[in-house]
Amino acid sequence: MKLACAIALVLLTTAPAIAQINLSDSDLLSALDEARFPAADVNVLRVRIASSTPDATREAEILLQFGQIDAKDVARIEFLAPAEMAGQIYLSTPDATYFFGPDLASPIKTSATAEVFGDSAVAQTNGIRFLSKYTIAARRTVQGADGAELLELDLVAADYTVAFQAITVRVDPVTLRPVSATLFAVSGLPFYDVTYGNYVTRENGDVYVSVQEIANRLFLGRVTTSEILEATVAELPAALFDPEALAPAGTP
């Protein structure tokens, strides 16, 4: 009888994890995005980024703004500090990624893998969403550094427009909160190790990860840490995401 009760208890405690691991690919990817990002109504984030090397540490503060143009996602990264970078802007649109600075007459095209600050590229700064951008190539169970069992997923980019063509992400199988990820270069070499930390809860119960650490695999000792300082909702005009609106008035 005791053995039967013990088996039943184990099944009860592991059933939620088993059920979640057996989610469809799209439902699982959606759950990973929901765990990492604030709710869809949040469209403004104030973020502090610290870039550390064996020689020095630099800090910056940026404003992230999100919107939709013609039902497609757009994003704007604007530097608030340091003073020498204030006013620099990266725009992510469905057509291209643009950079603009106070000393430029017009924005220039760049890449989603262009470094914004430290090792945080445009794609990483905006936040890498998995749903619709990736498919799940493999699932397996692994043991984390603390001995806990994790779900490990191999993700493959849906097309060549995605900044990182392959990602391996490790997930808490019960909460479906990503713990860490490895981002791979086009060559297949591991490029960055990302650690997701400090999941926080907003007043309405919405949960998101507020701290992300990026460790460079190629240059040991280079670590970039971003922290969300504020998550808010605002009315954002479409012109904020228009590359043509970045040029100063009167510029041909």
Side-chain angles (χ1 to χ4, degrees), residues 33 36-38 42-53 55-67 73-104 106-130 133 157 161-165 167 181-186 190-197 208-219 221-232 236 240-243 245-247:
D33 284 347
R36 290 180 299 133
F37 293 99
V42 174
N43 58 357
V44 180
L45 300 176
R46 187 167 60 89
V47 181
R48 179 170 56 226
I49 306 178
S51 173
S52 299
T53 69
D55 300 320
T57 297
R58 300 181 301 139
E59 284 195 359
E61 190 170 311
I62 62 173
L63 195 66
L64 276 173
Q65 298 172 303
F66 304 96
D73 293 333
V74 290
R76 175 185 173 116
I77 302 167
E78 182 171 355
F79 275 90
L80 304 177
E84 63 270 19
M85 300 182 74
Q88 292 185 5
I89 295 169
Y90 290 86
L91 277 187
S92 298
T93 74
D95 301 320
T97 300
Y98 299 88
F99 170 75
F100 181 74
D103 56 342
L104 293 177
S106 60
I108 58 176
K109 284 188 177 182
T110 183
S111 166
T113 58
E115 291 183 355
V116 172
F117 193 80
D119 283 313
S120 187
V122 174
Q124 293 156 295
T125 307
N126 287 336
I128 300 175
R129 293 187 179 272
F130 299 146
K133 301 292 185 181
T161 65
V162 178
F164 295 96
Q165 290 293 292
I167 298 177
T182 301
L183 311 184
F184 292 86
V186 175
F191 205 173
Y192 299 114
D193 285 322
V194 181
T195 302
Y196 304 105
Y208 65 94
V209 63
S210 67
V211 177
Q212 176 178 277
E213 181 183 278
I214 303 169
N216 194 308
R217 280 272 195 111
L218 303 183
F219 300 97
R222 277 177 48 167
V223 177
T224 302
T225 304
S226 62
E227 179 183 4
I228 296 175
L229 303 177
E230 190 177 21
T232 56
L236 301 178
L240 284 176
F241 308 100
D242 182 359
L246 290 176

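Numbering of residues begins at 1 and proceeds along the displayed sequence.
Residues that satisfy the side-chain hydrogen bond (donor to acceptor under 3.5 Å, both in side chains) test with E230, not counting sequence neighbours, are R46. Every side-chain hydrogen bond (donor to acceptor under 3.5 Å, both in side chains) that S92 has, sequence neighbours left out, goes to N126.
To the nearest 0.5 angstrom, T93 atom OG1 is 8.0 Å from K109 atom NZ. Considering CG of L240 and CD of E78, their distance stands at 8.5 Å, rounded to 0.5 Å. The distance from the CG atom of L80 to the CE atom of M85 is 11.5 Å, given to the nearest 0.5 Å. Between the CG atom in D193 and the OG1 atom in T182 there is a gap of 4.0 Å [rounded to 0.5 Å]. The line from CG of D119 to CZ of R217 is 13.5 Å long, rounded to the nearest 0.5 Å. In this structure, CD in E227 is found 10.5 Å from CD in E61, a value given to the nearest 0.5 Å.
Between L183 and Q124 there is a side-chain heavy-atom pair separated by less than 4.5 Å. Proximity of L91 to F100: side-chain heavy atoms (C-beta onward) are nowhere separated by under 4.5 Å. Counting heavy atoms from C-beta on, the side chains of F130 and I167 come closer than 4.5 Å. Using a 4.5 Å heavy-atom threshold, the side chains of P243 and D95 count as separate. Counting only heavy atoms from C-beta outward, the side chains of I89 and Y98 never approach each other to under 4.5 Å. The shortest side-chain heavy-atom distance between V74 and F66 does not fall under the 4.5 Å cut-off. Residues L246 and R76 meet the side-chain proximity criterion, which asks for heavy atoms closer than 4.5 Å. No side-chain heavy atom of K133 sits under 4.5 Å from any side-chain heavy atom of I128.
Considering every non-hydrogen atom in both N216 and L218, the closest pair reads OD1-N, 2.7 Å. Of all heavy-atom pairs spanning F164 and A123, the tightest one is CE1-CB, 4.5 Å. The heavy-atom pair separating A181 from Y196 by the smallest distance is CB-OH, 3.9 Å. Of all heavy-atom pairs spanning A112 and A163, the tightest one is CB-CB, 4.1 Å. Of all heavy-atom pairs spanning V42 and L45, the tightest one is CG1-CD2, 3.8 Å. Across all their heavy atoms, P38 and Y208 have their closest contact at N-CB, 3.5 Å.
Side-chain atoms of S52 and T57 form a donor-acceptor pair, as typed in the model, at a separation below 3.5 Å. Side-chain atoms of T125 and S120 include a donor-acceptor pair closer than 3.5 Å.
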So T97 and S111, side chain to side chain contact (heavy atoms under 4.5 Å, CB included) or not? Walk me through it. CA-CA 6 Å; T97 300; S111 166; 5.9 Å; no
Side chain to side chain contact (heavy atoms under 4.5 Å, CB included) evaluation trace for L236 with F241: CA-CA 9 Å; L236 301 178; F241 308 100; 4.0 Å; yes
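Between Y90 and F99, the ring-plane angle classifies as tilted under the 30° and 60° cut-offs.
Using a cutoff of 4.0 Å between basic side-chain nitrogens and carboxylate oxygens, E84 and R58 are not scored as salt-bridged.
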